[in-house]
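Starting from 1, each residue takes its place in the sequence as its number. One-based numbering, in listed order, for ligands and for the atoms of each.
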Amino acid sequence: MKLDDITDDLSNSGFVFRGIFHPGPEDQVPDLSSGQSTLSVIMVGNIGSGDFWDSFKRSDEFLDAVSDPMDNWTKRTVGPIAAKAGGEALFPSDGPPYHPFQKWASRAEALFSSPIGLFISSDWGTWHALRAAILLPEAIELPAPKSEVSSPCLSCEDQPCLKICPVDAFGEEHGYDYLACADHVASKAGTSCATKGCLARRACPVGQQHTLRSEHATFHMSAFINERKRMGEI
Ligand code: B12
């Protein structure tokens, strides 16, 4: 199976090929369930809303309003693409313990940790997500490396992402205070975060053209808040 066939299958379903790497022991990539070693890992995700959101909105999972619709649709769609390629898929929601998807993604393409914890690309900022990793038992030839890129945060003097959060959810001392964040997003004062996406994320000047559409942002923020409520955390 050629890499082009896999990337075509992914893009025909609304997903974006996010790069490929050959794992080493430090990457903590498991073997396949058949016992074969994983020799290549293909990262799958989305950038902004784009085709991904439109494809998801047409899915049975979205239309039937099942629980965890995006995760379920992703599993139903990417699982068979991985199997057709002779491999199997892992998902970021598998866990806890969770697989280190951000670390794997940064092995597959130029991604860097940002001051607010999300990983950033110089092309699409933080407006991307990871949806699956396809593990393959063969060492697929890696595409030619692109020219060296460094983190856009290194040349960002103002760091507006760290100044704008009304509840100071991101701080050097406390890391990401996700409960303060959730409390705010669930309150009237947090309507902007709840309907347009995290203010700190939106303050970043990088990749603004990939900002999520309002309905897509609302979907993720509602899921974040509803889960905190279900867990009795807020
Ligand atoms: C657990 C988790 C959370 C927890 C974090 C709990 C905490 N302690 O901070 C909660 C539920 C709060 C959360 C929230 C969100 N998350 Co989250 N989360 C994960 C998950 C499933 C596992 C992380 C993990 O344990 N990794 C393994 C350990 C070993 O690695 P680690 O580096 O120590 O992991 C830490 C960070 O990933 C951090 N973290 C996770 N999410 C977020 C989000 C923010 C804003 C920050 C600062 C930190 C953070 O928490 C982890 C534990 O301390 C990953 C998926 C994955 N498998 O990686 C997604 C993931 C990291 N989350 C992601 C996102 C986008 C979000 C949200 C922004 C989603 C949304 N609503 O739009 C929200 C944040 C709300 C906001 N301000 O907008 C993306 C990040 C993509 C990127 N660009 O880097 C991931 C990769 C999922 C995905 N499908 O792409 N998340």
Side chain, backbone, both or neither: Phe119 near ligand 1, heavy atoms under 4.0 Å: both

Which segment of Met70 sits under 4.0 Å of ligand 1 when only heavy atoms are counted: neither

Protein heavy atom under 4.0 Å of atom 87 (C) of ligand 1: no

Protein contact of atom 69 (C) of ligand 1 - nearest heavy atom, named by residue and atom, plus distance: His220 CB, 4.8 Å

Side-chain donor or acceptor of His22 paired with backbone N/O of Ile140 under 3.5 Å: yes

Flag if over 12 foreign heavy atoms under 6.0 Å of CD, Glu227: yes

List every atom of ligand 1 that sits less than 4.0 Å from any heavy atom of [X], numbering the atoms from 1 in the order shown and giving each element.
X	result
Arg228	11 (C)
Phe170	45 (C), 47 (C)
Met221	71 (N), 76 (C), 78 (O)
Phe224	12 (C), 71 (N), 75 (C)

[X] versus ligand 1: do any nitrogen or oxygen atoms come within less than 3.5 Å of each other?
X	answer
Pro92	yes
His128	yes
Leu130	yes
Gly117	no
Tyr98	no

Parallel, tilted or perpendicular: rings of Trp104 and Phe101 (30°, 60°): tilted

Aromatic plane relationship, Phe15 with Phe52 - under 30° parallel, 30 to 60° tilted, over 60° perpendicular: perpendicular

Minimum side-chain heavy-atom gap Asp177-Leu179 below 4.5 Å: yes

